[in-house]
Asker: 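Would you mind keeping the following structure in view while I ask a few things?
Just so it is clear, the values below take in all heavy atoms, side chains as well, and ignore hydrogens, waters and symmetry mates.
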Amino acid sequence: MNLEHLSLRRNKVSHITNKSFNNLSSLITLDLAMNNIRQIENHTFYGLPKLQELRLGHNSITNLPDELFGALGQLRKLMLFSNHITHLGEKSFVGLHRVTILSLNNNLLKFLHPTVFEPLTKLTKLRLDWNELHFLPHGCLDRIPRLLAVKLGENPWHCDCRAIYLARWLRSSSSHLWNTEPLCKSPEILEGQSVGLLRFDNLCKGQWAAMVNLSPRLPIRKQLMTASRTLSDVLQQHNEMMSKVKIL
């Protein structure tokens, strides 16, 4: 079939199988937005070697199988915004070496593998805003050599020592920041402050502030005091024994 453009948006699609798009090898654009897609089987897109634009926004996708997009070597735009994705693994974007625009905004992202963006060697625009990110793993944005614009705002950034990478990246790559800048959500002492303006001391003080209400796991002082009393008792007993020896 020579079909090049297919739109299935605003339907009630909930599940896509690896046979859903058989015999559509000429497809260039595929729009599956505004459905109720929860699950996508692996190899679903392997019969679409010419696909350049894939729209999956406004669905209920929770996870991306490893190498789901592995055969989409011609893809330029990938829209995954407004889903329920919570994490991205090491192989989430394997094969996407031509993608220039990736939208992951308005998800539930909490965890990114440090090398998740490494296959995206031509990516220029990235949206990660409106997620649940507390920090970015060290080096994750450095692996996108052509990145020109990234949205990071509206995440609950936790400003402790783990935020050092993001703070340093923002200072060295501020021209890449698209729209709003990331602000600290916690700890309370740093809430509302710009992550990019914070230095090592500020961030690590933030970590101590976040821990200030934690109870110590071991009652150190009590143990030391107990140990001191025990040693004192031992010495007293020793002195008493020596006195008895002298008397005998």
Asker: For residues Arg143 and Thr115, report the shortest heavy-atom separation together with the two atoms involved.
Answerer: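 Closest approach of Arg143 to Thr115: NE-CG2, 3.5 Å.
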Asker: Above 12 or not: heavy atoms from other molecules or residues under 6.0 Å from CH2 of Trp178?
Answerer: yes
Asker: Classify the angle between the aromatic ring planes of His158 and His134 as parallel (below 30°), tilted (30 to 60°) or perpendicular (above 60°).
Answerer: tilted
Asker: According to a 4.5 Å side-chain heavy-atom criterion applied to Ile, Leu, Val, Met, Phe, Trp and Tyr, with indirect links allowed, do Leu147 and Leu128 form part of one hydrophobic cluster?
Answerer: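 Same cluster: Leu147 reaches Leu128 through Ile, Leu, Val, Met, Phe, Trp or Tyr contacts under 4.5 Å.
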Asker: If you count every heavy atom of other residues, nucleotides or ligands that lies below 6.0 Å from Arg171 atom CZ, does the total exceed 12?
Answerer: yes
Asker: Are Asn2 and Ser26 side-chain neighbours, meaning at least one heavy-atom pair lies under 4.5 Å?
Answerer: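 Yes, their side chains come closer than 4.5 Å.
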Asker: Would you please name every residue forming a side-chain hydrogen bond (donor to acceptor under 3.5 Å, both in side chains) with Asn131, sequence neighbours left out?
Answerer: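 So Asn131 forms no side-chain hydrogen bond (donor to acceptor under 3.5 Å, both in side chains) with any residue.
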Asker: Would you kindly confirm whether Leu152 and Phe135 end up in one hydrophobic cluster when ILVMFWY residues are joined by side chain heavy atoms under 4.5 Å apart?
Answerer: no
Asker: Using 4.0 Å as the upper bound for N to carboxylate O, is an ion pair formed by Lys110 and Glu132?
Answerer: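 Answer for the salt bridge query: no.
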Asker: Hydrophobic clustering (ILVMFWY, side-chain heavy atoms < 4.5 Å, transitive) - are Leu64 and Met79 grouped together?
Answerer: no
Asker: Are Leu3 and Ile16 grouped together when hydrophobic residues (ILVMFWY) are joined by side-chain heavy atoms under 4.5 angstrom apart?
Answerer: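 In one cluster: yes.
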Asker: Would you mind reporting whether Leu30 and Leu24 have side-chain heavy atoms less than 4.5 Å apart?
Answerer: no
Asker: Hydrogens and angles aside, do Ser60 and Asn36 bring a side-chain donor and acceptor to less than 3.5 Å of each other?
Answerer: yes
Asker: Would one find more than 12 heavy atoms of other residues, nucleotides or ligands at under 6.0 Å from atom CD of Glu191?
Answerer: yes
Asker: Determine the minimum heavy-atom distance between Asn59 and Ala33, stating which atoms define it.
Answerer: ND2-CA, 4.0 Å
Asker: Working note: Leu198 + Gln193, criterion side-chain contact (heavy atoms from CB on, under 4.5 Å); need CA distance, chi angles, decisive distance, verdict.
Answerer: CA-CA 8 Å; Leu198 298 176; Gln193 295 195 39; 3.4 Å; yes
Asker: Is any side-chain heavy atom of Phe21 closer than 4.5 Å to one of Leu51?
Answerer: no
Asker: Could you give the distance from OG1 (Thr17) to CD (Gln39), rounded to the nearest 0.5 Å?
Answerer: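 Atom-to-atom, Thr17:OG1 and Gln39:CD are 10.0 Å apart.
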Asker: Quick one: do Leu183 and Ser194 satisfy side-chain contact (heavy atoms from CB on, under 4.5 Å)? Show the steps, please.
Answerer: CA-CA 5 Å; Leu183 302 178; Ser194 173; 4.2 Å; yes
Asker: Is there a path from Val13 to Ile61 through hydrophobic residues (I, L, V, M, F, W, Y) whose side chains come within less than 4.5 Å of each other?
Answerer: yes
Asker: Can you find a heavy atom in the side chain of Asn179 that is under 4.5 Å from one in the side chain of Asp129?
Answerer: no
Asker: Would you indicate whether the side-chain heavy atoms of Pro156 and Ser186 approach each other to under 4.5 Å?
Answerer: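 No, every pair of side-chain atoms sits at 4.5 Å or beyond.
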Asker: Would you indicate whether the side-chain heavy atoms of Thr29 and Ser7 approach each other to under 4.5 Å?
Answerer: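 Not in contact.
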Asker: When rounded to the nearest 0.5 angstrom, what is the spacing between OH in Tyr165 and CG in Leu136?
Answerer: 7.0 Å
Asker: Using the side-chain contact (heavy atoms from CB on, under 4.5 Å) rule, take Cys159 and Leu203 through it: C-alpha gap first, then chi angles, then the decisive distance, then the call.
Answerer: CA-CA 6 Å; Cys159 293; Leu203 293 169; 3.8 Å; yes
Asker: Just to verify, what does Phe81 make a ring pair (Phe, Tyr, Trp, His ring centres under 6.0 Å) with, not counting sequence neighbours?
Answerer: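 So Phe81 forms a ring pair (Phe, Tyr, Trp, His ring centres under 6.0 Å) with His58.
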Asker: Checking side-chain contact (heavy atoms from CB on, under 4.5 Å) against Leu78, which of Leu123, Leu102, Ile101, Leu72 comes through?
Answerer: Leu102
Asker: Name the one of Arg55, Arg9, His5 that satisfies side-chain hydrogen bond (donor to acceptor under 3.5 Å, both in side chains) with Asp31?
Answerer: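 For Asp31, the side-chain hydrogen bond (donor to acceptor under 3.5 Å, both in side chains) check succeeds only for Arg9.
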Asker: Indicate the atoms forming the closest heavy-atom contact of Leu80 with Leu56, along with that distance.
Answerer: CD2-CD1, 3.7 Å
Asker: Sequence neighbours left out, what pairs pass side chain to side chain donor-acceptor pair (under 3.5 Å) with at least one residue falling in residues 76-104?
Answerer: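 Sorted pair list: Gln74-Arg76.
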Asker: Using side-chain contact (heavy atoms from CB on, under 4.5 Å), reason through Leu126 and Phe117 one step at a time and then give a plain yes or no.
Answerer: CA-CA 10 Å; Leu126 172 63; Phe117 299 126; 4.1 Å; yes
